[in-house]
Amino acid sequence: MVNAHNLGFPRIGAKRELKFALEKYWKGLISQAELTLIGNELRCQNWETQAGLDWVPVGDFSYYDQMLDMSFTLGNLPDRVRDSHGNALDNYFRVARGRSAPSATDDQNPAGVAAGEMTKWFDTNYHYIVPEFQSDTTFSLDASRLIEQIREAKLQGQNVKPTIIGPVTYLALGKSKDASDKRALLPQLVEAYRQLLERIAAEGVQWVQIDEAILVTELETPWQEAFEEAYQSLSQCPVKLLLTTYFGPLLDNLSLVTKLPVDGVHLDAVNAREEVDALIESAPQDRVISLGVINGRNVWKSDLNATLDWLEPIANSLGDRLWIAPSCSLLHVPVDLDSEAKLDPEIKQWLAFAKQKLDELRVIKIALRYGRGAVGADLANNAIAIESRRNSPRVNRAEVQESLSKMSEQWGNRRSAYAQRAETQAEVLNLPKYPTTTIGSFPQIAEIRRTRRQYKAGDIDEAAYRTAMQNEVARCVREQESLGLDVLVHGEAERNDMVEYFGEQLDGFAFSEFGWVQSYGSRCVKPPILFGDISRPKPMTVEWISYAQSLTDKPVKGMLTGPVTILNWSFVRDDQPRSVSCQQIALAIREEVLDLEKAGIKIIQIDEAALREGLPLRRSQWQNYLDWAVLSFRIAANGVADRTQIHTHMCYSEFNDIIRSIALMDADAITIETSRSDMELLKAFEDFNYPNEIGPGVYDIHSPNIPTEEQIVDLLTKAGERIPAERLWVNPDCGLKTRQWDEVIPALTNMISAARKLRGAEVAVACGNE
Ligand SMILES: CN1c2c(nc(N)[nH]c2=O)NC[C@@H]1CNc1ccc(C(=O)N[C@@H](CCC(=O)N[C@@H](CCC(=O)N[C@@H](CCC(=O)O)C(=O)O)C(=O)O)C(=O)O)cc1
Ligand SMILES: N[C@@H](CCS)C(=O)O
Ligand SMILES: [Zn+2]
């Protein structure tokens, strides 16, 4: 009989209980005992929610990040915290968040500790703490976290299936800090895993889910060999291993997976449906085949009848060997649709969050075990919802499709080439050399968020909200004027998030109240839900930007999020290609750009923070994505006259391998995150002879540290060695929303004086030469 299981449940809590507890703990407002009590309650609740499953995951809960948990389990701590003898959880947070200023309360680390590097988890919007390796890295097992949780779940009467990140993925996603070959650490690492599995087995555990998502990417031969070596060794352990892959097909790694001596394999049967037959045919006869049949990355109801049509023959042939699950951990979806009292009922019936996805799994399991009649009503209701979505005039809108059909690639072309535009813009804007600007957001102080909360709760009316936000905009403009920035921004006070804000204003998007998804640590995002053809009912930003512009003679940048980023950070449709949804958003943003231009805004920035993030997991698919992504940006941006200067901004980006596409976007200026790379990221622009203007970030906004004028001059000098000074802008790495005003003011003061110093130095050199 088929078994149903889950790969992981969101740990942040249906009402973000963990987020609030963590932030209180970090501020010293609750004790560690109170924090761990909340952790314990969340785990228990989550297991209760999953109680109908044959196996529940254990070890998916984390106080910050599952990769960091693994590093602590393996005793792979960075040297900088290894000797901190303080409390284990505080040490864990020290690696997660760093402690950048000397602290009286941290006498173990009076000089501060740098946070672990964070990067995104495959193609999701979740970010993990990158494991650090050196040639002399050693591992020493600390299984206490997992063992305690296994006991907790067992006490609750659950059938437990511990989940861990597999050794090869752990090693492959980590970073060698001394340029040594991290693969050389594999034997020792596998030994630590072997000990871990023994400890787990001693708890009476039968199955362990061992996640090796790296198998859905292109693997070079040494990494393929690493799999064989690792799993040969682990196959001796007295537990059964469910080798778990997700987010995509295995392609050329399928034969590798087939060869590995494991007891079961989980395949993402949503994204790799076409590989299921081959996986079954090539697997040894006693191997469990776990199929991820419910999409763990989106919020749509599954078509249960269609899933059963496909799955029933497989269940008949595999019998007990078939397990079913969501395609991946449910970490990437919100917790509970039932919390959404305000969602439009028509749209709500099309949706499923984590809890509802597990309900779907139960229905499939019962239908497979006892026949569809046993869940006849569920299947009938599901069919109604699926039909309703398929046929809804709110999803497929002829007028949007007609606008899209009129669109031509020509719309993506500026009227003149950059060199000619640059001359016109220089006349219009009359900016000094090394013009200074910021990326858009200024501190989203608690008061702003509180006011928005009051507005959303109906405690204050729209007029009061607008006035409060306008006051913030005015303050922001005042501060920038007194700092002496050359190009100002309005500060984005009115925006809850750079993507959600636009989702809320575009037709074709729905938004939830509690649909939070963990992005990193305690930080969450609430992705808008792109359910239908997109259009812009009215201007979205013009009033705010025009208001800011009315307060100053300096140019204020129009500030928009680009189509690719809106797409990549939303829950999107599964009934049409992403490229089509992206082009619809592009048309809406294009209208906004043209309205801003009409309103007299001279510079318009279109953020594409997530353009690189959207790259497919396999390089072979990159070009296709880049082609439509860049075209969407061009459509959004390039309808303006020569005199209007278009900026774009990207963070977290390494540009070497996509520089050609970046250049094709043809933005007049691009601002990027570079300060932590010591301007190394500019090499890609230098090597490519990138022709347009560049603002390499000179202030690391992720850190509370205030960069000195000297440090900024140094960074700009390095930038000037790679990019002609005439084409350099001076700006921070990214928006300032997570910072405080008392950090921002001195940092920007130093940034501006650094720019002035460079201008002065050049004038002096020029005069000396005359
Ligand atoms: C740049 N990043 C972003 C990503 N994805 C996005 N969609 N947006 C991004 O900006 N992906 C990559 C990175 C990830 N980085 C971050 C950085 C910071 C956050 C973050 O701070 N998130 C906030 C939530 C932001 C938000 O939407 N705020 C809302 C609601 C505020 C709120 O929770 N209010 C409380 C009450 C507050 C009070 O009373 O004082 C409530 O409603 O209960 C808003 O401003 O209105 C976070 O807190 O986690 C995320 C990703
Ligand atoms: N304009 C946005 C970009 C963030 S990537 C901001 O400044 O927050
Ligand atoms: Zn940014």
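Ligands are counted one by one from 1 in listed order, and the atoms in each one are counted from 1 as well. Quick caveat, the model's predicted, so the values are computed rather than measured.
The contact set between ligand 1 and Trp516, taken as ligand atoms under 4.0 Å from a residue heavy atom, comprises 24 (C), 26 (C), 27 (O), 30 (C). Close approach of ligand 1 to Arg452 is summarised as follows: ligand atoms under 4.0 Å from at least one heavy atom of the residue are 44 (C), 45 (O), 46 (O). Which parts of ligand 1 touch Lys737 is read off a 4.0 Å heavy-atom cut-off, strictly below it: atoms 10 (O). Listed by atom number, the atoms of ligand 1 under 4.0 Å from Tyr520 heavy atoms are 15 (N), 16 (C), 17 (C).
Residues of the protein with a heavy atom under 4.0 Å from ligand 2 are Ile439, Gly440, Ser441, Glu492, Met498, Met559, Asp607, Ala609, His649, Cys651, Cys734, Gly735, listed by chain and number.
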(message) Is there a side chain to side chain contact (heavy atoms under 4.5 Å, CB included) between Asn298 and His332? Walk through the geometry before answering.
(response) CA-CA 8 Å; Asn298 74 15; His332 311 289; over 6 Å; no
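The pair Lys15-Asp336 does not count as a salt bridge, with every side-chain nitrogen at least 4.0 angstrom from each carboxylate oxygen. The residues Glu504 and Lys456 are annotated as salt-bridged, a charged nitrogen and a carboxylate oxygen being separated by less than 4.0 angstrom. Between Glu23 and Lys27 there is no salt bridge, since no side-chain nitrogen of the basic residue lies less than 4.0 Å from a carboxylate oxygen of the acidic one. Between Glu654 and Lys683 no salt bridge is recorded (no basic side-chain N to carboxylate O distance below 4.0 Å).
Side-chain polar atoms of Thr671 and Asn731 form no donor-acceptor pair below 3.5 angstrom. For Tyr547 and Glu543, the side-chain atoms include no donor-acceptor pair closer than 3.5 Å. If you check the side chains of Thr565 and Glu608, you find a donor sitting under 3.5 Å from an acceptor. In this structure, a donor-acceptor pair under 3.5 Å is present between the side chains of Asp65 and Tyr126.
Compare Arg449, Lys120, Gln444 by their heavy atoms: the one nearest to atom 25 (C) of ligand 1 is in Arg449. Here atom 48 (O) of ligand 1 lies nearest to Lys19 when heavy atoms of Lys19, Arg16, His127, Arg450 are compared. For atom 27 (O) of ligand 1, the nearest non-hydrogen atom from the set Val499, Asn496, Asn125 comes from Asn496. Counting only non-hydrogen atoms, the option in Gln454, Arg453, Arg495, His702 that gets closest to atom 36 (C) of ligand 1 is Arg453.
Vertex the Zn ion (ligand 3); arms to Cys734 atom SG and His649 atom NE2; angle 120° (nearest 10°).
More than 12 heavy atoms of other residues, nucleotides or ligands shown are found within 6.0 angstrom of NZ on Lys718.
Considering both main-chain and side-chain atoms, Cys524 comes within under 3.5 Å of ligand 1 through a nitrogen or oxygen pair. No N or O atom of Glu613 sits closer than 3.5 Å to an N or O atom of ligand 1.
Under 4.0 Å from ligand 1, not a single heavy atom of Lys526 appears. Here Arg523 has heavy atoms under 4.0 Å from ligand 1 in both its backbone and its side chain.
Residue pairs meeting the salt bridge (charged side-chain N to carboxylate O under 4.0 Å, His left out) criterion with at least one member in residues 484-498, sequence neighbours excluded: Asp486-Arg759.
Aromatic ring centroids of Trp300 and Phe571 lie 6.0 Å or more apart.
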